[in-house]
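See structure below.
Chain letters run A, B, ... following the sequence lines, proteins first and then strands; every chain starts at 1. This is a predicted model, so every value here is computed, not measured.
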Amino acid sequence: MTTYNDFLAKKGEKKWQEKWEDNKIYEVTEDKDKEKFLGLIEFPYPSGAGLHVGHPRPFTAMDVICRKKRMEGKNVLYPIGFDAFGLPTENFAIKTGRQPAEVTKENIENFTRQLKMLGYSFDWSRAVDTTDPKYFKWTQWIFLQFVKHGLAYKKNVPINWCLSCKIGLANEEIVNGACERCGGEVEKRNKAQWMLSITKYADKLLKGLDDVDFVERAKTQQRNWIGKSEGAELDFSIEGHEEKISVYTTRIDTVFSGTFIILAPEHPLVKKITLSEQKNEIDLYIKKASTKSDLERTELQKEKTAAFTGSYAINPATGDRMPIWIADFVLAHYGTGAVFADAHDERDFELAKIYNIPLKLSVRPKDDVLWGQVKNFEVCYPEKGILINSLQFDGLSSDEAMPKIIDWLAEKGVAKKQVNFRLRDWVFSRQRYWGEPIPLVWCDACNEWVAVPDEELPLELPKVEKYEPTDTGESPLAAMTDWVNTKCPKCGGAGKRETDTMPNWAGSSWYWLRYMDPHNDEAFASKEALNYWGQVDWYNGGMEHTVLHLLYSRFWNQFLHKIGEVPHSEPYKKRTSHGMILAEGGEKMSKSKGNVVNPDDMVAEFGADALRTYIMFMGPFDQDAEWNTKGLVGVKRFLDRIWNLKTVVCSEQACLFNEKVESELHKTIKKVTEDIEDLGFNTAIARMMEFVNFVQKNGITKDQYEILLKLLSPFAPHMTEDIWASLGYDTSITLESWPKYDEKFLVEDTITLAVQVNGKLRATIEVAADISEDDVKELALGHENVLKWVEGKDVKKVIYVKGRLVSVVV
RNA sequence: GCCGUGGUGGUGGAGUUGGUAGACACGAGGGACUUAAAAUCCCUUGGUAGAAAUACCGCGCGGGUUCAAAUCCCGCCCGCGGCACCA
């Protein structure tokens with residue numbers, strides 16, 4: 001008799017993987033007779049380090065779901081691919097002088113080997129690679145659609161610049177405000193960059209959330225990120241200048257207390273209105289601000305700093321002169337980059353105290369004690385309240401007053417209602433090599449950016465000698481003059497290619513569409529394929545992607561829908577997310593910490609099935625889980641026991657049918673079926689363990705064993721397949737149908753009830769399931785343990801919660 | 001700081017339309033088998049007291065609502081994810 005260990009030692013898992021591949025059982029076509037199911041995971045970035053034990057968590061979970069859906073008769077597409085452009089590969093190339101494309105190819109091969117080792121039911125014939133010109137041809141094509149529809153534009157945007165390395169840095173490459181490689185100083189520099197107008201889709205992206213089944217926190221995060229707010233835009237005239245300062249506010253009820261103005265250091269009017277005697281101070285302040293991140297600038301705890309421009313504005317509500325200051329906590333890209341400042345904002349309040357700027361009040365709290373402190377400027381009162389010092393608006397609540405004040409100021413021609421979004425347009429340029437080239441040519445004669453014609457796509461990356469960005473801030477492509485200098489596709493005159501590349505978000509913003517028809521040369525996918533596969537039925541991914549990637553890809557899909565290229569506005573019907581797998585000790589796994597657990601080692605020691613099942617058993621799927629190899633041992637024992645049951649059911653003295661076992665089995669079918677849908681993999685497995693424990697004492701028949709195997713097969717596909725074959729079947733267990741439970745085995749004859757006296761558990765009683773309320777109460781009150789607590793006291797109330805407990809109050 | 005999320009035995013966790021806290025697993029202790037070890041199987045295992053029955057305590061901390069709170073409300077503390085050029 002072969003043991004489970006023999007099976008593993010003889011590479012039994014690999015044998016089945018090869019058989020599945022030969023028989024193409026996971027490859028799918030657009031079968032119109034079957035209901036489709038498209039399960040999506042976030043495709044991995046193929047790093048040089050290979051797969052680590054965190055990757056298999058979402059992959060296995062979706063594999064379990066897809067295997068179950070397949071057994072339920074759906075036409076399941078479970079696709080895989082690689083999101084392979086990106087900084088780490090480029091930095092590796094810079095360090096070693098190797099070509100990023102070559103490194104990427106190796107990494108993808110390694111990832112592919114590892115993923116196949118884990119036995120996922122991917123349709124490998126549809127695998128995509130974002131760095132493949134056949135793929136990014138369409139990334140470029142979609143970008144050109146944005147250009148053609150006026151949703152791409154160039155704008156000066158600050159980039160991080162390392163003064164000593166003389167290259168632009170990603171935010172991640174800045175550690176504590178200094179360059180990660182050399183530790184040198186970093187400053188902000190302006191550079192013209194391609195932008196995508198995602199803000200034009202802000203409302204659509206917000207509304208679309210109402211129609212999809214995303215975990216609630218993902219919706220909340222997206223809504224907060226888009227950050228729609230309704231307020232007013234208000235103009236302030238400047239003494240001695242024609243220009244006006246436009247300010248956005250959601251608290252127009254505080255306009256009567258506005259005593260000063262604060263501009264972002266980058267505000268375009270700063271230079272113009274700064275008086276010469278203030279110039280040095282202002283210039284110094286701007287320089288300092290340019291080295292700080294938004295995070296540092298807006299941190300509430302840090303002491304506020306500011307500088308005075310020397311100019312004054314006029315408050316249109318009160319006529320007061322308002323000194324104009326600059327402060328770095330005001331961000332240029334939010335609202336209008338300017339605020340009116342008053343005593344009802346904590347940051348303004350604090351700043352006014354530091355610089356002795358006069359303050360006024362226009363809102364009072366209802367609480368008199370608090371008002372006493374507010375009145376004396378001891379504390380800031382930023383909440384809404386009742387208006388004071390506000391002319392005809394005195395006595396109104398903030399909410400009543402706001403629309404009235406806007407109307408009043410609008411009549412004066414200085415204010416209007418304004419909807420604002422926190423969402424900003426998307427900086428789409430990178431001064432890097434390893435990304436999709438932006439297929440645009442600048443033509444002096446035409447005086448515009450001209451799109452590379454569709455028939456010339458893909459515009460491939462030229463091979464370069466050096467992958468470092470140039471010290472002018474241009475991408476390495478700028479040094480390739482042969483490549484840069486080209487003909488204008490429109491007029492045929494001299495043109496220069498755009499040398500920036502796309503961010504690595506680009507390839508992942510539409511990849512699920514390519515899975516539907518990955519080899520199409522005529523379109524990113526055929527209409528037939530797009531219509532058949534439609535929306536992604538279930539998309540699972542990391543929490544770290546619930547804002548950016550999810551929003552960007554929804555944006556691309558909505559845009560493609562609007563221009564008639566895809567059938568649905570929303571790409572994903574359902575979105576769930578998983579927690580990270582942390583190293584032992586609760587730290588993040590990383591190469592630098594040397595705490596990475598490699599799945600290769602785990603599969604070699606325990607087998608893919610045990611690894612898969614353990615990863616699903618570790619803990620709640622949507623929460624972080626700490627790796628513990630010892631836990632794998634327990635799961636391996638569980639699989640061993642199931643393997644060994646084979647000898648029991650196949651022996652001469654096979655067990656007789658036992659109604660109790662059958663009842664436990666049907667409870668297990670119900671639990672596993674429901675838990676998989678709710679991502680409760682850990683409890684599904686725990687239930688199967690309970691069942692196996694039960695069976696060890698009470699026996700199991702061959703039919704019952706086969707059902708158990710089917711329930712386990714999504715988690716441990718190799719082992720169950722092998723047992724299935726040895727039971728005499730010559731077709732895959734994958735093609736069997738998912739077990740159904742029968743309600744009649746779920747009903748219990750007797751139930752156990754808890755009896756509480758004054759909220760404390762004092763006894764349990766065994767009663768018939770259909771017992772009447774009166775009988776229950778009588779039984780409960782008659783129980784000796786209950787009598788002990790009730791004797792000599794008044795029974796005030798007896799509560800019976802059906803099927804649960806009896807609560808006696810004395 | 002802002003947005004989101006979590007905190008339950010020695011450990012991972014189960015249990016949340018309020019209703020028997022600790023399922024399942026790891027670890028630990030004891031036993032069987034073995035010349036021995038490994039593997040396997042059986043028993044015990046939240047804390048304190050007790051031979052036991054049982055009692056008291058116990059879900060980050062402090063309050064509150066309720067016959068009843070891990071679950072609901074208020075106020076804190078701590079961890080994790082995101083914050084727009086990591087993917």
Provide a list of protein-nucleic acid N or O atom pairs under 3.5 angstrom, restricted to nucleotides 62-67 of chain B.
residue: C67(B); atom: O2; partner: Ser807(A); partner atom: OG; Å: 2.7

inquiry  = For the C1' atoms, the ones on C56(B) and on G18(B), what distance do you get once it is rounded to whole angstrom?
reply    = 24 Å
request  = Name the nucleic acid region contacted by His549(A), choosing base, sugar-phosphate or nothing; use a 4.0 angstrom heavy-atom cut-off, strictly under.
outcome  = nothing
request  = Rounded to the nearest angstrom, tell me the gap between atom CG in Asn682(A) and atom P in G15(B).
outcome  = 7 Å
message = Quick check for you: among C85(B), A55(B), A14(B), whose closest atom lies nearest to any side-chain atom of Asn160(A)?
response = C85(B)
ask   = After noting the C-alpha distance and the side-chain angles of His333(A) and Arg424(A), does the key distance pass the side chain to side chain donor-acceptor pair (under 3.5 Å) rule?
value = CA-CA 7 Å; His333(A) 49 70; Arg424(A) 315 203 295 255; 3.1 Å; yes
Trp510(A) ring center near Tyr135(A) ring center (under 6.0 Å) = yes
inquiry  = Distance check needed: U11(B) P versus Leu632(A) CG, whole Å only.
reply    = 21 Å
remark   = Of the listed A55(B), U20(B), G82(B), the closest approach to the Val547(A) side chain comes from G82(B)
key: Shortest side-chain distance from Arg430(A), nucleotide among C24(B), C85(B), A14(B)   = C85(B)
ask   = With rounding to whole Å, what would you report as the distance between U8(B) and A14(B) at their P atoms?
value = 11 Å
inquiry  = Can you measure Tyr552(A) atom OH to A84(B) atom P for me and round it to whole angstrom units?
reply    = 9 Å
request  = Kindly say whether the aromatic ring centers of Trp194(A) and Phe428(A) come within a distance under 6.0 Å.
outcome  = no
query = What is the nucleic acid contact for Gln193(A), judged by heavy atoms within less than 4.0 Å: base, sugar-phosphate only, or nothing?
reply = base
message = Please tell me whether Arg687(A) and Thr668(A) have a donor and an acceptor in their side chains that are separated by less than 3.5 angstrom.
response = yes
query = Roughly how far apart, to the nearest Å, are G82(B) and C86(B) at atom P?
reply = 11 Å
inquiry  = I'd like the C1' distance from A37(B) over to C26(B), given in whole Å.
reply    = 22 Å
query = In which stems does RNA chain B show up, taking only runs of three or more Watson-Crick or G-U wobble pairs whose two distances fall under 3.5 Å?
reply = B:1-7 with B:77-83, B:10-12 with B:24-26, B:27-32 with B:40-45, B:46-49 with B:54-57, B:60-64 with B:72-76
request  = In whole angstrom, give me the gap between the C1' atoms of C77(B) and C61(B).
outcome  = 7 Å
request  = Report yes if the distance between the aromatic ring centroids of Trp426(A) and Tyr552(A) is under 6.0 Å, otherwise no.
outcome  = yes
inquiry  = Within a 6.0 Å radius of atom CD on Glu766(A), are there more than 12 heavy atoms belonging to other residues, nucleotides or ligands?
reply    = yes
task = Assign Lys796(A) to base, sugar-phosphate, or nothing according to its heavy-atom contacts below 4.0 angstrom with the strands shown.
result = nothing
task = Consider the side chain of Arg217(A), meaning its heavy atoms from C-beta on, and name the nucleotide among G4(B), A84(B), C56(B) that approaches it most closely.
result = G4(B)
query = Strictly by modelled atom types, are Ser229(A) and Asn420(A) linked by a side-chain donor-acceptor pair under 3.5 Å?
reply = no
remark   = Picking from C86(B), U40(B), G4(B), the nucleotide nearest the side-chain atoms of Arg637(A) would be U40(B)
inquiry  = Regarding Leu805(A), tell me which of base, sugar-phosphate or nothing describes its non-hydrogen contacts under 4.0 Å with the strands shown.
reply    = base
message = Rounding to an integer number of Å, can you tell me how far Gln623(A) CD sits from A14(B) P?
response = 7 Å
query = Quick one: which of A25(B), A14(B), G81(B) gets closest to the side chain of Gln221(A)?
reply = G81(B)
Arg424(A) CZ - C83(B) C1' separation (whole Å) = 9 Å
note = Which of Phe681(A), Phe638(A), Phe715(A), Trp627(A) passes ring pair (Phe, Tyr, Trp, His ring centres under 6.0 Å) with Tyr614(A)? It is Trp627(A)
Lys793(A) (side chain) donor-acceptor with Val810(A) (main chain) under 3.5 angstrom = no
request  = Choose from G4(B), G19(B), A25(B) the nucleotide whose nearest atom is closest to any side-chain atom of Asn224(A).
outcome  = G4(B)
ask   = With sugar-phosphate meaning primed atoms plus P, OP1 and OP2, does Arg804(A) contact a base, only sugar-phosphate, or nothing at under 4.0 Å between heavy atoms?
value = sugar-phosphate
query = Which whole number of Å gives the distance between the P atom of C33(B) and that of A38(B)?
reply = 15 Å
ask   = At under 4.0 Å between heavy atoms, what does Asn693(A) touch on the DNA or RNA strands: base, sugar-phosphate, or nothing?
value = sugar-phosphate
query = If you look at every strand shown and take non-hydrogen atoms under 4.0 Å, does Thr764(A) touch a base, only sugar-phosphate, or nothing?
reply = base
request  = Could you check how far CG of Leu551(A) sits from P of G82(B), rounded to whole Å?
outcome  = 17 Å
ask   = With a cut-off of 6.0 Å (strictly less than), are more than 12 heavy atoms of other residues, nucleotides or ligands near NZ of Lys228(A)?
value = yes
request  = Taking atom types as modelled, find out whether Asn5(A) and Lys636(A) have a side-chain donor-acceptor pair closer than 3.5 angstrom.
outcome  = yes
query = Asp622(A) near the nucleic acid: base, sugar-phosphate alone, or nothing, with a heavy-atom cut-off under 4.0 Å?
reply = nothing
query = Which of these passes side-chain hydrogen bond (donor to acceptor under 3.5 Å, both in side chains) with Gln193(A): Arg430(A), Lys154(A), Gln431(A)?
reply = Gln431(A)
message = For the P atoms, the ones on U11(B) and on C85(B), what distance do you get once it is rounded to whole angstrom?
response = 42 Å
key: Asn785(A), nearest nucleotide to its side chain (from U54(B), U20(B), G81(B))   = U54(B)
ask   = For Gln431(A), which contact category applies under a 4.0 Å heavy-atom criterion: base, sugar-phosphate, or nothing?
value = base
ask   = Choosing from G81(B), U20(B), C24(B), which nucleotide comes nearest the side chain of Phe617(A)?
value = C24(B)
request  = Taking only the side-chain heavy atoms of Lys788(A) (C-beta and beyond), determine which of U54(B), G6(B), U20(B) contains the nearest atom.
outcome  = U54(B)
task = Have a look at Phe43(A) and tell me which of Phe82(A), Tyr511(A), Tyr539(A) forms a ring pair (Phe, Tyr, Trp, His ring centres under 6.0 Å) with it.
result = Tyr511(A)
ask   = Would you call G47(B) syn or anti, using the 90° rule around 0?
value = anti
query = Trp789(A) near the nucleic acid: base, sugar-phosphate alone, or nothing, with a heavy-atom cut-off under 4.0 Å?
reply = sugar-phosphate
message = What contact category does Met688(A) fall into here, base, sugar-phosphate, or nothing, at under 4.0 angstrom with non-hydrogen atoms?
response = nothing
message = Could you tell me how far G47(B) sits from C42(B) if I compare only their P atoms? Round to whole Å.
response = 23 Å
ask   = Using a cut-off of 4.0 Å on non-hydrogen atoms, how would the nucleic acid contact of Arg422(A) be classed: base, sugar-phosphate, or nothing?
value = base
inquiry  = Need to verify one output field. Residue with the more 5' nearest nucleotide on RNA chain B, Lys697(A) or Asp640(A)?
reply    = Asp640(A)
inquiry  = Need one value for Ile159(A): base, sugar-phosphate or nothing, where a base atom within 4.0 Å counts as base even if backbone is also close, heavy atoms only.
reply    = base
inquiry  = Within the 4.0 Å heavy-atom criterion, would you say Pro44(A) contacts the bases, only the backbone, or no part of the nucleic acid?
reply    = nothing
